[in-house]
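Note sheet for the following structure.
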Amino acid sequence: MSSREVGHPFRIVAVAALAALAGFVPGEAQEPVRGASDARLDDLAQLQLPELDFDPPRPDSGLIRGVPTFVLTDRSLPLVRIYARIRGGYAYLPRSDYGLATALPLILRSSGTAEIPPDSVDALVEALALETTFGTDGTATTSTLDALTTALEPGLELWSRLLTRPRFDAEALETWRLREVSSVRRFPEDPGRLAISRFNRLMYGDHSIGWEMTEADLSPDRVNPETLQELHARTFCRDHLVLGAAGDIDMEQARELLDPLVEAFAPCPETLPRPPAPTVRTTPGVFVIPKASEQSVLILAHTTEVERADGAPYFAAQVANSVLGGGGFSSRLLARVRTEEGLAYGASSFWTTPGRYPGILGVTTRTGAERTLEALEVLRAVMTEVRSEPPSEREVTTSVDRLSSGFVFNFETAGQVVARQMAYREQGLPADWLTTYLAGIQAVDRDGVARVLEDEVRPDDFVILIVGDPERFADPDDVLRNAVFWPEDQLVPPGGDPGS
């Protein structure tokens, strides 16, 4: 397949995933299916599935006025998608700029440009049949432009003005600010959102990962057109920019069409410092946020040292997480918590591998208030048993197939390939990570999964957060005797942030 051009939308049919959904695992004896004919069972038992062949197209890459640019051509439709990633989200900025940095990407589209008011921008977008997106992941502002090939040039001109010459309309900004203030006030009403936010604070402290929006962050003296304009000038500059293009466009055309966009970004006035690494909590404990609610939310987690640079252990950890609770209905947690015990509709696990600081391995569920502590003990039991009762060959094979198939379906279109390549570059991953990841997952075996679970799962080290009504917990004395009670309206956990 050409590295420059895709003749049709990039699609892969993952037969292994289809077989897994049917409960069939290659090379493993299967139980008879009730009502199926012996002949069909014999045929199924003999079925040999081919190896998953994953050869994603590779975008062309180059520099436009020093800006890294990735282009993957797909001439099947007269459509083009342009991507921009501008480094400098709230993770790079002081806490006082949190609300401002959150507002910035979301106001760009609704605020108009220096020359064009918001309603006229809307009319132009509609007339040119454009689609745009603006967002942030905390480290950067991301934006896309979708246009017909015939409307690409005027579409790019308008998009460029939105990105580089925003109006920051006072009325649009005030509408956003008041909406966010209302959201902050309603925030504690959702136990799930509250639990996730406070758990991040519990584990990461006063760091961008653990920040929670407050009314002070949204005060008019912090969020106004003048402060937003200052932040835009500091961050929306050429050295922070990465571009991508996919669809009915090639690198030569991209250089010509994107050059004016790049030129519109001024050189950066300063170098943004690298975001600091957080101090991560390692001391176990039970924290309870009392909240009158029919349900309780439980999160249990501890640190883990596995990172992408570790090679085989990293890939084994991805499969282990799928087996444990990330693999849907076949995962151990869901089978135990939902199917066997009837404690909750869902339960899942997570295993992060950030690299610059310890990752987090944990589990979470939501259950009825009266069964909170019963659910806690079941979660602990599953995490203890997974060390002494490692996954079966079937569990590992099913998870490998699921992860492999799910991964390749992230690259059905040229645009998806370009977006991933841009993200991998920002994460410092190698250019061939697309194929390296899949090969690493497919090389995982049962012994590797058992080893990483034995090495990394430490049930006695869990930091446990419960958001719920302790008055309704059954038999609470043993668990809650040493628990730390954390008032809902108190942002910093009792005893202080980790490292304080």
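Here the structure is a predicted model, which is why all the values come from computation and not from measurement. The residues of the chain are indexed from 1 along the displayed sequence.
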Exercise. With a 4.0 Å cut-off, would you call R185 and E215 a salt bridge?
Worked result: yes

Exercise. What's the shortest heavy-atom distance between W176 and G99, and which atoms?
Worked result: CH2-O, 3.7 Å

Problem set entry | Short side-chain donor-acceptor distance under 3.5 Å, W159 and S143 | yes

For this session: Give a yes or no on whether a salt bridge exists between R58 and D432, defined as a side-chain N under 4.0 angstrom from a carboxylate O.
Result: no

Problem set entry | Side-chain ion pair, R451 and D445, N-O less than 4.0 Å | no

For this session: Classify the ring geometry between W211 and Y98 as parallel (under 30°), tilted (30 to 60°) or perpendicular (over 60°).
Result: perpendicular

Exercise. Do R255 and E252 meet the salt-bridge criterion of a basic N to acidic O distance under 4.0 Å?
Worked result: no

For this session: Please determine if E157 and R161 form a salt bridge, counting it only when a charged side-chain N lies under 4.0 Å from a carboxylate O.
Result: yes

Exercise. What's the spacing between R332 CZ and S322 OG if we round to 0.5 Å?
Worked result: 12.0 Å

Problem set entry | Short N-O contact, E212 and R201, less than 4.0 angstrom | no

Exercise. Under a 4.0 Å N-O cut-off, is there an ion pair linking R234 with D97?
Worked result: yes

Problem set entry | Partner set under side chain to side chain contact (heavy atoms under 4.5 Å, CB included) for L429, not counting sequence neighbours | R308, Y424, Q427, W433

For this session: Could you verify whether a donor N or O on one side chain and an acceptor N or O on the other, from S404 and D401, lie under 3.5 Å apart?
Result: no

For this session: Please check if the distance between the ring centroids of F168 and H232 is under 6.0 Å.
Result: yes

Exercise. Can you list every disulfide (SG to SG under 2.5 Å) pair that touches residues 207-269, not counting sequence neighbours?
Worked result: C237-C268

Problem set entry | T149-D248 side chain donor-acceptor pair, cut-off 3.5 Å | yes

For this session: Any chance you could lay out the salt bridge (charged side-chain N to carboxylate O under 4.0 Å, His left out) test for R177 and E180, step after step, and finish with the verdict?
Result: CA-CA 5 Å; R177 192 186 70 80; E180 288 299 305; over 6 Å; no

